[in-house]
Amino acid sequence: GRAAQMAPLAAALASEGYRCVALEIPGHGAPGRRSTRWHYFPRDIEALTQALGSEALAYVGHSSGGTTMMAARRNGRIHAQRYICICSPCYPFLSIDAARNIFNASEGVMKRYKLHLANAFGVAWDELEAGGSFLGAAENLLLVYAGKDKMVPQQEGDRIHALCAGSTLFKTQNYGHRSILSAPELRVEALNFLKQ
C-alpha cells in the first residue's frame, strides 16, 4: 500500500487536533517500482521517529506494516503510548505464501527465506510465526479487522488478541483489506482508543 491510503484516517485524527505523519516505504506500492525490502519497514519507522524528535502518542500500521511496526516496538526501536493495527497478520504469512506459490520454492529455499524474514523483523522465526511481534502490547493495542478481507482473515485478530491480554479487538463485517482504511467505523474506534 501507499501512505496516501491512510489519508482518510489521518484527516479524521488531525481534525481532532492530533498531528499525523504518513510514512511511505520505498518501493512498497509505488508506481513503476515493483520491489521493496522487509528491513526498510522497521528502519524507516525508527528513522521517522527520530526525525520527529518526540515520542509518538500512537503508531498506526496496516497489514504487514502493522506487523513490522509491532516488531520494531518489541525490539525497542520505537515506543508509543498506543498502537493500532489494521488487518495485520500475526506473522508475514502472505509473503511466505507468495514465495511458495509464485516461485514454487523448495523447502530449502523457504527455510532460508524464513530466516531472512526473521532477521528483517528482529524476531526468531518460530517466535515470529507464533505472533512474537505482538507480545507485551496488552491494553496499549487496538486491533481492527474487516469481514470482507480476502488477504488477512479476522481470525488473525482473534489470535493476536488472545496473545495480548487486555488488547482491544474491533471487527466489522464490512469492507475489504484496503477499503477498511476509509471506513467511518475505523475513525470512530481509533479516536476512542486514542482518547482513553
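Nothing fancy with the numbering, it's 1 onward along the sequence. Quick caveat, the model's predicted, so the values are computed rather than measured.
For Arg74 (side chain) and Leu135 (main-chain N/O), no donor-acceptor pair under 3.5 Å exists by modelled atom type. A donor-acceptor pair is defined here as one N or O able to donate and one able to accept, closer than 3.5 Å; no such pair exists between the side chain of Gln173 and the backbone of Gly147. Side chain of Arg77 to main chain of Ala47: no donor-acceptor pair is present (N/O by atom type, distance under 3.5 Å, no hydrogens or angles). Judged purely by atom type and a 3.5 angstrom limit, His177 has no side-chain atom pairing as donor or acceptor with the backbone of Lys150. Using a distance-only test at 3.5 Å, with no hydrogens or angles considered, no donor-acceptor pair links the side chain of Asn140 to the main chain of Ala80. Proximity of a side-chain donor or acceptor of Glu139 to a complementary backbone N or O of Gly166 within less than 3.5 Å is not detected. With Ser88 contributing its side chain and Ser63 its backbone, the two residues share a donor-acceptor pair below 3.5 Å.
Each of Asp158, Thr67, Leu163, Val152 was checked for a side-chain contact (heavy atoms from CB on, under 4.5 Å) with Cys90, and the lone residue meeting it is Leu163.
Expressed to the nearest 0.5 Å, how far CD of Glu24 lies from CG of Asp44 amounts to 10.5 Å. Put simply, CD1 on Ile78 and CD on Gln50 are 11.5 Å apart, with the number rounded to the nearest 0.5 Å. Here Arg73 contributes atom CZ and Met70 contributes atom CE; the two are 4.0 Å apart, rounded to the nearest 0.5 Å. One distance of note links OG of Ser106 with NZ of Lys111; it measures 11.5 Å at 0.5 Å rounding. The line from CG of Leu57 to CZ of Arg19 is 12.5 Å long, rounded to the nearest 0.5 Å. Taking CG of Asp149 as the reference point, atom CD of Gln154 lies at 8.5 Å (rounded to 0.5 Å).
A continuous path of ILVMFWY side-chain contacts below 4.5 Å connects Val123 to Phe41, so both sit in one hydrophobic cluster. No path of Ile, Leu, Val, Met, Phe, Trp and Tyr side chains, each step under 4.5 Å between heavy atoms, connects Leu13 with Leu23, placing them in separate hydrophobic clusters. Criterion: ILVMFWY side-chain heavy atoms under 4.5 Å apart, direct or through other members. Under it, Leu194 and Met69 are not part of a common hydrophobic cluster. Hydrophobic cluster membership is shared by Tyr83 and Ile160, with clusters built from Ile, Leu, Val, Met, Phe, Trp and Tyr side chains linked at under 4.5 angstrom. Cluster membership check: Leu142 shares its hydrophobic cluster with Val60, using side-chain heavy-atom separations under 4.5 Å among Ile, Leu, Val, Met, Phe, Trp and Tyr.
The minimum heavy-atom distance between Pro153 and Phe93, with the atom names listed, is CD-CZ, 4.2 Å. Annotation for Arg187 and Ser182: closest pair NH1-O, 3.0 Å, computed over non-hydrogen atoms. Between Ala14 and Cys20, the shortest heavy-atom distance links the atoms N-SG, 3.9 Å. The two residues Gly176 and Ala146 have their closest heavy-atom pair at O-CB, 3.8 Å. Closest approach of Lys171 to Leu169, counting heavy atoms only: CE-CD2, 3.8 Å. Here the closest non-hydrogen pair linking Phe121 and Ser133 is CD2-OG, 4.0 Å.
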*Tell me, with the steps shown, if Val188 and Phe170 meet side-chain contact (heavy atoms from CB on, under 4.5 Å).*
CA-CA 11 Å; Val188 169; Phe170 175 77; over 6 Å; no
*Evaluate side-chain contact (heavy atoms from CB on, under 4.5 Å) for Cys87 paired with Ile180, printing each intermediate quantity in order.*
CA-CA 9 Å; Cys87 301; Ile180 184 81; 3.8 Å; yes
*Should Trp125 and Leu117 be marked as a side-chain contact (heavy atoms from CB on, under 4.5 Å) after you check the CA-CA gap, both sets of side-chain angles, and the distance that decides it?*
CA-CA 8 Å; Trp125 178 256; Leu117 288 172; 4.0 Å; yes
_side-chain contact (heavy atoms from CB on, under 4.5 Å) assessment of Leu9 paired with Leu181_ = CA-CA 7 Å; Leu9 179 58; Leu181 295 173; 5.8 Å; no
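Put simply, the side chain of Cys85 reaches to within 4.5 Å of the side chain of Phe134, judged on heavy atoms. In this structure, the side chains of Arg178 and Gln5 come closer than 4.5 Å at one or more pairs of heavy atoms.
With sequence neighbours excluded, the residues satisfying side chain to side chain donor-acceptor pair (under 3.5 Å) with Glu185 are Tyr175. Taking the side chain to side chain donor-acceptor pair (under 3.5 Å) definition, one finds that Tyr91 meets it with nothing, sequence neighbours left out.
The residues Lys195 and Glu16 are annotated as salt-bridged, a charged nitrogen and a carboxylate oxygen being separated by less than 4.0 angstrom.
Cation-pi contact between Arg82 and Phe193: present, with separation from the ring centre below 6.0 Å and deviation from the ring axis of at most 45°.
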